[in-house]
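For reference, the structure is listed below as structure tokens.
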Number of protein chains: 2
Amino acid sequence: MTETKADQPAGEAKPRRRQARGERRIQQLLDAAASVFCRAGYAGASTNAIAREAGVSPGTLYQFFPNKEAIAVELGERLTHRMREAHGVLFTPEYASLPLDRMLDAVVDPMVEFNCQNPVFLTLIHSGDIPGLMTEDHDALHVALQARLEELIGFIQPALPPERRTRTATMVFSLFKAGLELVLAHEGGERAAYIEELKASLHGYLAPIIGAETPSRTP
Amino acid sequence: MTETKADQPAGEAKPRRRQARGERRIQQLLDAAASVFCRAGYAGASTNAIAREAGVSPGTLYQFFPNKEAIAVELGERLTHRMREAHGVLFTPEYASLPLDRMLDAVVDPMVEFNCQNPVFLTLIHSGDIPGLMTEDHDALHVALQARLEELIGFIQPALPPERRTRTATMVFSLFKAGLELVLAHEGGERAAYIEELKASLHGYLAPIIGAETPSRTP
DNA sequence: GGCAAACACGAGCGACCGCTCGCGTTTCTC
DNA sequence: GAGAAACGCGAGCGGTCGCTCGTGTTTGCC
């Protein structure tokens, strides 16, 4: 027992007294980071550029984050938290009783909405470049979402072998990411059209698997 | 007219006498680059690492390529050339008369085969990180493939408005890329299974659009 | 065999990166 | 109001990167 007053588990000494000013700076820095990550990707974003965008010096940035990766991790955590509180659990077992069209609306629309307002989320989750440790956090989100998906698919079509169910969830996740990129790459009417295409593609893929009676999607 | 003997268009003075040894080195360097690009991505691959992998010094590398980007461009050109000569025009109008199942087999199988043997192709075409000028070359391939796709879709379903046809081609291209990534990320039986899933997803998306009678894909 | 051109080397240049450190300023606490 | 802690700054450290350059070796051609 090395600690005397502060009850840290000795393994990690993280938290630190923050003033209101500090919390504001952290938010400024995370906003700046989101902007720069979107523009240049994680690897292409320099910490100096993030500090500049936030209007502070590089030294100030490192008052609040131990390293570049921690910025992405904290940003990711705040985004996932905001996503959960904005749309609840996102997909619950009760969705399984909906017809495929409605279920896709119920799942895809909020997800698209969220990603349009927080485009950095896709940048972080795509992460072709994010190095090592970030994988823990990134995978945590990835695995959690995919587990939800698998669960939902299991409710809808219990006859599916578990191996096939995993593949289906992986596939849906990947197709969704691809469609989402196209949605974010367009604006206005084009964006709306791509949202419909995204739903149509998911419908077309899932309908034969879950044995839906509707032959196609009617927009 | 500034040139006297060599008939260069004055705008570009590129080609240079190469010995057999030089051609061999170029191939070594491109092979090494493909390997390193696959491992680390374009941005993450250092020219020194490419030279080391090829067993030559950094200076030697720059005897044959003016800069890092030129390596990716040349690699891309050789890959597209190899793809064309390996599988012909890849999809021709006559495919339009095939049933959707068979057409997907005819288009997807060679494409998957090629990408499994040349995984660097996806790395280059994905190019979330490739900077500026590379875009010309990358887009050239992207646009060419998508134009072919649009053409084929136009043959199959002439009633589709051109705007919608473009969206469909974009969508198919994107879904295919996403599926291909999953295929390359697995091996053996899993890979074969994902190839089927890829075909199933394309079938599900395209069947309602082109008005196919087959309700689903039978593997 | 001689000579120019092509090939090969590898130390290292300049630029940029993530990050630090010494020191000055603001804010909280008593 | 005094002391401590949090905040803020920016020059610059150590390192990597793309790329160069001076020099030496091999090759093709007469």
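Per chain, numbering begins at 1; letters A, B, ... match sequence-line order. In this text the structure is predicted, and so the values were computed from the model without any measurement.
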Closest to side chain of B/Arg17, choosing from D/dC9, D/dG28, D/dT26: D/dG28

Closest to side chain of B/Thr47, choosing from D/dT27, D/dC7, D/dG18: D/dG18

Sugar-phosphate only, base, or nothing, as touched by B/Ala49 at under 4.0 Å among non-hydrogen atoms: nothing

Centroid-centroid distance, A/His203 to B/Tyr205, less than 6.0 Å: no

Nearest-nucleotide pick for B/Ser57, side chain only, options being C/dC9, C/dA6, C/dC17: C/dC9

Any donor-acceptor N/O pair under 3.5 Å between D/dC19 base and B/Asn48 side chain: yes

Interatomic distance where CG belongs to B/Leu61 and P belongs to D/dC21 [whole Å]: 16 Å

Cation-aromatic face contact A/Lys199/A/Tyr194, 6.0 Å, 45 degrees: no

Sugar-phosphate, base or nothing in reach of B/Gly22, heavy atoms under 4.0 Å: sugar-phosphate

Length of the line joining B/Arg25:CZ and C/dA5:P, which is rounded to integer Å: 22 Å

Proximity to the side chain of B/Pro58 - top-ranked nucleotide from D/dC7, D/dG8, C/dG10: C/dG10

Length of the CZ-P vector between A/Arg18 and C/dT27, whole Å: 16 Å

Value in whole Å for how far the P atom of D/dG8 lies from CZ of A/Phe65: 12 Å

5'-most by nearest nucleotide on DNA chain C - A/Pro66 or B/Gly59: B/Gly59

A/Arg164 backbone acceptor or donor facing A/Thr168 side chain under 3.5 Å: yes

Nearest-nucleotide pick for A/Lys68, side chain only, options being C/dG18, D/dT27, D/dC19: C/dG18

Salt-bridge contact A/Arg165-A/Glu151 (side-chain N to carboxylate O under 4.0 Å): no

For atom CD of B/Gln19 and atom P of D/dT25, their distance in whole Å: 17 Å

Per B/Gln63 side chain, nearest of listed nucleotides C/dC7, D/dA6, C/dA11: C/dC7

Distance-minimising heavy-atom pair for B/Leu75 and B/Leu30: CD1-O, 3.8 Å

Separation of atom CD1 in A/Ile26 from atom P in D/dG8, rounded to whole Å: 10 Å

A/Arg24 CZ to C/dT26 C1', straight-line distance once rounded to whole Å: 12 Å

A/Val56, nearest nucleotide to its side chain (from D/dC19, D/dC9, C/dA8): D/dC9

